[in-house]
Number of protein chains: 2
Amino acid sequence: MITIKELANVCGVSRGTIDRVLNNRGNVKPEKRALVLNMMKKLNYTPNPAGKALASHRNHPSVGILIPAEGIRFFDAVMDAMKKAEKKYELFGLKVIWRNMHGYDVNMQCNIIDELKDKVHALIITPINDPKVIEKINEFIADGIFVVTLNNDVEHSDHHCYVGSDDLNGGQTAGALLKMIGPEKLRIGILLGSLKVLGHQQRLEGFKLIMNDDPQCNVIDIKENNDDDILSYNTTKDMLEEHPEINALFVISSGGNYGACRAVLSLYKEKDLTIIVFDTIPTTIEMMKNHIIKAAIYQHPRQQGQRAMQIVFDYLINGIRPERDRYIMKNEIRILQNL
Amino acid sequence: MITIKELANVCGVSRGTIDRVLNNRGNVKPEKRALVLNMMKKLNYTPNPAGKALASHRNHPSVGILIPAEGIRFFDAVMDAMKKAEKKYELFGLKVIWRNMHGYDVNMQCNIIDELKDKVHALIITPINDPKVIEKINEFIADGIFVVTLNNDVEHSDHHCYVGSDDLNGGQTAGALLKMIGPEKLRIGILLGSLKVLGHQQRLEGFKLIMNDDPQCNVIDIKENNDDDILSYNTTKDMLEEHPEINALFVISSGGNYGACRAVLSLYKEKDLTIIVFDTIPTTIEMMKNHIIKAAIYQHPRQQGQRAMQIVFDYLINGIRPERDRYIMKNEIRILQNL
DNA sequence: TTGAAAGCGATACCAT
DNA sequence: ATGGTATCGCTTTCAA
């Protein structure tokens, strides 16, 4: 473990010069720069994180968090894990600026991004899939702000790192599981939040991939519930009344789980239906305890939040770049016993 | 965020005195000590980890790792995760001393513990369940060495922290899952490593808890395979020939998975049996891809290794004591799609 | 029993 | 363009 001081001695320059080279601050003669870089490689220099942490303490490195989480129960666990991480990392001088928002208002998200611009060194964001937002994010990156996108992998948006789930695989896992635990001849009703949400789309696609090549399985109906429980209640009721042959329900987004289950209960159909859902939010757990929902796909929300924070912390405080540019959570299967 | 300097000013003493109080080095007048402790609480002083790390760098804090892992595939992932953590933490000056061992030789484990005694500040150990080992561990604790027990929660052994799985719940989860994915009338054959291994015992117990109150489910036979694939092969073959009515197999320990599956294949019974197992070691994954094994219980081996290392790191380098004294992994259900 | 001062590794700023 | 120096929070001498 060689230090910056030793490196300076070996190169015959001062620590200041080394620092300038290491952090690309310019004002170093090219040949010296080359020499330093060379030596650095040769001696396998790695900056000491503790030293960095201490020295850059005055910087008050800060990260902005912008997640349209309000009203989406899935994000409760994500945020909770992030807050826990915040507490741990604040000892090291990391400041967190929270900017929650409700719903998918593009202009609002753009405004908040703008407002954060000169306040933070890093940004954790769940971007809305819109060109204007994407442009803003790309601007951030160009300005040297470290960006982690969380849970929504928007195309053509730059980022240094993506943390989220593999929804296509989530759909496949759900499909395969339903084939295992459901009746032999599956007559499936599907409820989802909105086809406009990329994640919901992909879950559906994955599910269909598993079902389509099996003549025993039929998807009878697909309806949107806008992630609203009341709407979900009515939609599910309609669906089940229209198609009494349905014997399995796949609820793709956690928003409508509760409403769908209540609809099933109101029709006294709970014994006739195998229900599987996404996410283990409190109402889902309740319905699993009541044996209405058989299984849920769990996408490690806490781990998502924790990982995003850790990546930012390692970058800002320790100067360690993330090893990968995509951190994808496993799709887990949860039943009553391993909730 | 108050610093040691500010604390010293407020108390009207020097930083040296504060340090003596904080680290119980003695040589402080009791009333001053009380004053400092008081102020510390009042101002909610928390030592800055970066400062600590930097100053105590020369200490070369070190951790010993003693796991009877050789030959048990489950531990491959645990060790791999620990090695990754080692690489990350060595930048911060943490030294790791590896002492792997094969099998469950009590004296050997005791000897290695002794040998580590004056080399390490912390120990991560998977203890053999024996009074002699337990005594050694308790000695360590008495000597002020920080001990994390991993994956084997031995009774009456002290430790600062336990990291492992909940095997009773693992058995329950496996049982509930088998009831979901297996035939209606279950005729179950069970294979386990050894009833002497606490974890195997508990998995069996949990499994029975689920099965016993259901007249549809019968455990037909239980056999030990000593975690040996050849033995497992023969034992399984015998069991299936003796009890042709068996329609489900529960393989409790990963050691015998492969042998059991090969036995099933040799009898051309793979279509008639629902097989579920513990752990996703490579041979298990192979058998899942061949559709022989339907599902596996996954106990987050990587997370176990990573967490144990993190706890030690936080304690030795950052001076943060673990929040809890037990870190229990979830029992996950893995099928082909979400391996 | 106590205080003062010298580091630990990296950064930031001020002189050259 | 470069070197020198103070600084971050804490530990560890060494004197007194």
Side-chain angles (χ1 to χ4, degrees), chain A residues 1-37 40 43-61 89-95 121 314-320, chain B residues 1-36 40 43-61 90-94 121 315-320:
Chain A
M1 278 235 300
I2 181 173
T3 73
I4 213 175
K5 199 171 156 187
E6 299 168 302
L7 191 58
N9 283 339
V10 175
C11 295
V13 298
S14 78
R15 285 138 62 191
T17 304
I18 302 284
D19 184 63
R20 264 161 247 143
V21 173
L22 289 181
N23 297 296
N24 293 313
R25 297 189 215 285
N27 287 335
V28 176
K29 233 194 279 182
E31 59 246 46
K32 284 210 171 170
R33 187 183 143 78
L35 171 70
V36 170
L37 286 173
M40 201 187 95
L43 301 178
N44 194 20
Y45 167 79
T46 28
N48 180 322
K52 273 196 135 156
L54 205 47
S56 60
H57 195 296
R58 61 183 79 174
N59 281 6
H60 290 295
Y89 294 144
E90 81 181 357
L91 297 177
F92 295 81
L94 181 64
K95 296 268 172 291
H121 306 95
D314 276 346
Y315 180 81
L316 289 185
I317 312 283
N318 292 335
I320 302 175
Chain B
M1 279 235 300
I2 180 173
T3 74
I4 214 175
K5 200 170 157 189
E6 298 167 305
L7 190 57
N9 283 339
V10 175
C11 296
V13 299
S14 77
R15 284 140 58 185
T17 305
I18 301 282
D19 184 63
R20 263 160 246 143
V21 173
L22 289 180
N23 298 297
N24 292 314
R25 298 189 215 285
N27 287 335
V28 176
K29 236 195 278 184
E31 60 247 44
K32 283 211 171 170
R33 186 183 144 77
L35 170 71
V36 170
M40 203 186 91
L43 301 178
N44 194 20
Y45 168 78
T46 27
N48 180 318
K52 271 194 134 152
L54 204 47
S56 59
H57 179 53
R58 57 180 63 180
N59 280 6
H60 288 294
E90 80 180 359
L91 299 177
F92 295 81
L94 182 64
H121 306 95
Y315 180 79
L316 290 184
I317 312 282
N318 292 335
I320 303 175

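We name chains A, B, ... by the order of the sequence lines, and we start the count at 1 in each one.
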*Measure from the side chain of A:Val28, starting at C-beta and using heavy atoms only, and say which of C:dT11, D:dT2, C:dC8 lies closest.*
D:dT2
*Do A:Asn24 and A:Arg33 have side-chain heavy atoms sitting under 4.5 Å apart?*
yes
*asked:* Please report the distance, rounded to the nearest Å, between CD1 in B:Ile2 and P in D:dC8.
replied: 15 Å
*What heavy-atom pair brings A:Ile18 and A:Cys11 nearest, and what distance separates the two atoms?*
CD1-SG, 4.4 Å
*Would you classify B:Arg33 as touching base, sugar-phosphate or nothing, given that sugar-phosphate means primed atoms plus P, OP1 and OP2, and contacts are heavy atoms under 4.0 Å?*
nothing
*asked:* Does a side-chain N or O of A:Lys5 approach OP1 or OP2 of C:dC8 to a distance below 4.0 Å, or not?
replied: yes
*Does a side-chain N or O from A:Asn48 land closer than 4.0 Å to OP1 or OP2 of C:dG9, or not?*
no
_Among residues at least two apart in sequence or on other chains, which ones pass ring-ring contact (aromatic ring centres under 6.0 Å, His included) with A:Tyr315?_
A:Phe146
*Rounded off to whole Å, could you give me the NE2-to-P distance for the A:His121 and C:dT11 pair?*
14 Å
_With rounding to the nearest 0.5 angstrom, report the NZ to CZ distance, B:Lys29 to B:Arg20._
13.0 Å
Please report, to 0.1 Å, the donor-acceptor pairs under 3.5 Å made by any side chain of residues 1-8 of chain B, with sequence neighbours excluded.
{"residue": "B:Thr3", "atom": "OG1", "partner": "B:Lys5", "partner atom": "N", "Å": "3.3"}
{"residue": "B:Thr3", "atom": "OG1", "partner": "B:Glu6", "partner atom": "N", "Å": "3.3"}
{"residue": "B:Thr3", "atom": "OG1", "partner": "B:Glu6", "partner atom": "OE1", "Å": "3.4"}
{"residue": "B:Glu6", "atom": "OE1", "partner": "B:Thr3", "partner atom": "N", "Å": "2.7"}

*Mind calculating the distance between CG (B:Asn9) and C1' (C:dT2) to the nearest angstrom?*
16 Å
*May I ask you to evaluate whether B:Asn27 reaches the phosphate of C:dT2, defined as a side-chain N or O under 4.0 Å from OP1 or OP2?*
no
*In degrees, rounded to 10°, what is the bend between the two ends of the helix from C:dT1-D:dA16 to C:dT16-D:dA1, using five pairs at each?*
50°
*With sequence neighbours left out, what residues match A:Asn9 under side chain to side chain donor-acceptor pair (under 3.5 Å)?*
none
_On the nucleotide C:dT1, are OP1 or OP2 found under 4.0 Å from the side-chain N or O atoms that B:Lys32 carries?_
no
*Any residue meeting salt bridge (Lys or Arg N to Asp or Glu O under 4.0 Å) with A:Arg25, in chain and number order, not counting sequence neighbours*: A:Asp19
*asked:* Below the 4.0 Å mark, does C:dT1 have OP1 or OP2 next to a side-chain nitrogen or oxygen of B:Arg25?
replied: no
*Report the nucleotide, chosen from D:dC10, C:dG9, C:dA10, that has the shortest atom-to-atom distance to any side-chain atom of B:Leu54.*
C:dG9
*Separation of atom CG in A:Leu7 from atom P in D:dG3, rounded to whole Å*: 13 Å
*Rounded to whole angstroms, how far apart are NZ on B:Lys52 and P on C:dG9?*
19 Å
*Give the rounded distance in Å between these two atoms: CD1 of B:Ile4 and P of D:dC10.*
5 Å
_Distance check, rounded to the nearest 0.5 Å: B:Leu316 atom CG versus B:Lys52 atom NZ?_
10.5 Å
*Among C:dG9, D:dT2, D:dT11, which nucleotide sits nearest the side chain of A:Lys29?*
D:dT2
*Which of residues 13-21 of chain B sit near DNA chain C, with a heavy atom under 4.0 Å from it?*
B:Val13, B:Ser14, B:Arg15, B:Thr17, B:Arg20
*Roughly how far, to the nearest 0.5 Å, is the CE atom of B:Met40 from the OG1 atom of B:Thr46?*
9.5 Å
*Starting at CG of A:Asn23 and ending at C1' of C:dA12, how long is that distance when rounded to a whole Å?*
11 Å
